[in-house]
2 protein chains.
Amino acid sequence: MPETVENGLQRLILDTARQLLTTTGYAQLSMRNIAKTIGYSATSIYLYFENKDELVHALIDEGVDLLYERLVEANDSCAVPQDRLLAMCRAYVSFGLERPEYYEIMYVLHPEYIKRYPAEKYRKARKNLELIGAAIEGGRVHGPSADMDSFLAANLVWTQLHGVVTLLSSERVDKRIDPDQLIEGAYQHILRSLGIRDLGISDEVVEKRS
Amino acid sequence: MPETVENGLQRLILDTARQLLTTTGYAQLSMRNIAKTIGYSATSIYLYFENKDELVHALIDEGVDLLYERLVEANDSCAVPQDRLLAMCRAYVSFGLERPEYYEIMYVLHPEYIKRYPAEKYRKARKNLELIGAAIEGGRVHGPSADMDSFLAANLVWTQLHGVVTLLSSERVDKRIDPDQLIEGAYQHILRSLGIRDLGISDEVVEKRS
DNA sequence: TAGAGTAACTTAACAGTGTTAACCTACCTG
DNA sequence: CAGGTAGGTTAACACTGTTAAGTTACTCTA
């Protein structure tokens, strides 16, 4: 039984896994399901991936790249440095809500269910945060957190966005709350706290009073 | 086979489930494990709980109550209204990090793995957010978001805290980031954005510039 | 050309999961 | 004493990830 493309059952497995993940979700992503859809036995997957974790890690890798692309695109679409952070926040939330299956395996799945993402791959994931950190650094004008190091600030932004994405896509947010309002509120929250100029609304100045 | 306490294998099951959850985590919380530790057959659990989801919902209920207690305690421990929000934020994060198993079943578990928390029980969970909303309402002094309705603001605070808790306890935050710094940063983030006076640090005034 | 080796894949099986159907047994009641 | 029922049980189904062993079929070598 040859494969669809030149030399690559591994590729076929990964493609099928991705397709299964994005269409039916992680809960339905089983070794036997993958095998069934490509007409192989479940154990044949183990010839190309050590275990399910490694297979999922490959998908996480893809997700990290996908997110990275979106963040770079958002970054490049802004001429003014001050707009970059907001654009990247939008890109992050869009990714999280539009690709919930990717987001789940990347940032939601409990370490008990899936082994830690390997350290060397972890670096690439960190690049995403550093991109945000750079946008903060570049857009910083004034504000009370001007002294805070930008990597910490990036993580702070990340936690806020992550909270919005996860609570919204798990449908835990009250139905009376308008998702868009919550999302936009989070952006304002972030920009204001970091002392980056607000959009549309008039600029604000934060002064210290003895 | 009588039970340990008056009339209540149901109680015994729930007690065992809680003990198993808090000691070994949700991943090890199986019907057969529960049954084994109390010396009953796994199917006997179904005489008292319709399915595993219902059993877990009962545990979620407990978790919601536990969190509520902590929030009320935090609220009551503050004489000054302006301190309440911070105290409640601390209480929320403490709960999330100290009782990760409870937090997981309450706010992390994907809806695909566990059926939606029933609507009537959901109300109690909302009380927790309303408590935060009240603290915002009460502590509000000035600030750009003074017009924002407090329930939305509470949800915004929630997303921030939730992000901090989940990313920290899933160990996804870079090791170079000090957890306490991240947490405290989130608090400042929140207070500043809501225009509630900052702790320790001198008060801030937000003015509009034409 | 025969034989050995190996690459690629399969079947069978293990230990675990939630859940259902059928059964069994002891007690209480008419 | 007969019957119903409360409170359990065992067996089984359809899954899960994973391992060990077996089966091809092709290739390389003596």
Side-chain angles (χ1 to χ4, degrees), chain A residues 1-18 20-21 23-60 101 104-105 109-117, chain B residues 1-18 20-21 23-60 101 104-105 109-117:
Chain A
M1 266 189 212
E3 300 83 30
T4 50
V5 284
E6 30 132 280
N7 181 22
L9 179 50
Q10 172 153 26
R11 191 62 167 253
L12 182 58
I13 291 170
L14 199 58
D15 288 347
T16 310
R18 182 190 319 108
L20 230 57
L21 173 74
T23 56
T24 63
Y26 180 75
Q28 304 300 321
L29 180 65
S30 74
M31 302 304 246
R32 285 179 176 85
N33 274 145
I34 297 171
K36 198 195 303 169
T37 53
I38 59 177
Y40 283 79
S41 74
T43 54
S44 63
I45 300 177
Y46 288 86
L47 300 171
Y48 300 95
F49 296 93
E50 199 187 326
N51 47 36
K52 192 186 177 185
D53 284 341
E54 205 190 59
L55 177 53
V56 174
H57 284 159
L59 293 173
I60 291 178
E101 343 78 32
E104 182 184 2
I105 61 173
L109 273 192
H110 207 93
E112 280 184 36
Y113 306 111
I114 186 166
K115 284 189 190 70
R116 272 258 64 75
Y117 196 52
Chain B
M1 267 191 211
E3 301 82 32
T4 49
V5 285
E6 30 133 279
N7 182 23
L9 179 50
Q10 172 151 26
R11 191 64 168 252
L12 182 58
I13 291 170
L14 200 58
D15 287 347
T16 309
R18 182 189 320 109
L20 230 56
L21 174 73
T23 55
T24 63
Y26 179 75
Q28 304 301 320
L29 182 65
S30 76
M31 302 304 245
R32 286 179 175 85
N33 274 147
I34 297 171
K36 197 195 302 170
T37 53
I38 58 177
Y40 282 79
S41 74
T43 54
S44 64
I45 300 176
Y46 289 85
L47 299 172
Y48 299 95
F49 296 93
E50 200 187 325
N51 47 37
K52 192 186 177 184
D53 284 342
E54 205 190 59
L55 177 55
V56 174
H57 284 160
L59 292 174
I60 292 178
E101 344 78 32
E104 181 184 4
I105 61 172
L109 273 193
H110 207 92
E112 280 185 36
Y113 306 112
I114 186 166
K115 284 192 191 67
R116 273 259 63 75
Y117 195 52

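In the text below, chain A, chain B and the rest are named by the order of the sequence lines, each starting its count at 1.
- Distance, A:Gln10 CD to C:dC9 P: 12 Å, rounded to whole Å.
- If you check every strand for non-hydrogen atoms under 4.0 Å, A:Leu29 touches sugar and phosphate atoms only.
- Taking only side-chain nitrogens and oxygens, B:Thr43 never comes nearer than 4.0 Å to OP1 or OP2 of D:dT9.
- Between the CD1 atom in B:Ile105 and the CG atom in B:Leu21 there is a gap of 5.0 Å [rounded to 0.5 Å].
- Closest non-hydrogen pair, B:Thr16 versus B:Ile34, comes out as CG2-O, 4.0 Å.
- Dashed line: the shortest gap from a side-chain N or O of B:Ser44 to OP1 or OP2 of D:dT9 is under 4.0 Å.
- For the pair A:Asn51 and B:Leu47, nearest-nucleotide mapping onto DNA chain D gives the more 5' position to B:Leu47.
- Of the inter-residue distances, the one linking B:Ile38 atom CD1 with B:Asn33 atom CG reads 11.5 Å to the nearest 0.5 angstrom.
- Atom-to-atom, CD1 of A:Ile13 to C1' of C:dC9 comes out at 11 Å; the value is rounded to the nearest Å.
- Going from atom CG of A:Leu29 over to atom CZ of A:Arg18 covers 11.5 Å, rounded to the nearest 0.5 Å.
- In this structure, B:Tyr48 reaches the D:dG8 phosphate: one of its side-chain N or O atoms is under 4.0 Å from OP1 or OP2.
- In the interface, the side chain of B:Arg32 is paired with the base of C:dG18 through a donor and an acceptor atom under 3.5 Å apart.
- One atom, CD1 of B:Ile38, and another, P of D:dG7, lie 15 Å apart when rounded to the nearest Å.
- When rounded to the nearest whole Å, the span between CG of A:Leu12 and C1' of C:dC9 equals 14 Å.
- To the nearest angstrom, P of C:dT17 lies 14 Å from CG of B:Leu55.
- D:dT16 atom C1' lies 8 Å from atom NZ of A:Lys52, rounded to whole Å.
- One interatomic measurement links the two molecules: CD1 of A:Ile45 to C1' of D:dT18, which rounds to 12 Å at whole-angstrom precision.
- Proximity of A:Asn33 to the phosphate of D:dT16: a side-chain N or O atom is located under 4.0 Å from OP1 or OP2.
- Distances shown here put every side-chain N or O of A:Ser41 at or beyond 4.0 Å from the OP1 or OP2 atom of C:dC9.
- Between the CE atom of A:Met31 and the P atom of D:dT19 there is a distance of 10 Å, given to the nearest Å.
- For the OP1/OP2 pair of C:dG18 and a distance below 4.0 Å, the side-chain nitrogens and oxygens of B:Tyr46 include no atom meeting the criterion.
- Nearest approach of B:Tyr48 to B:Glu54, heavy atoms of both residues: O-OE1, 4.2 Å.
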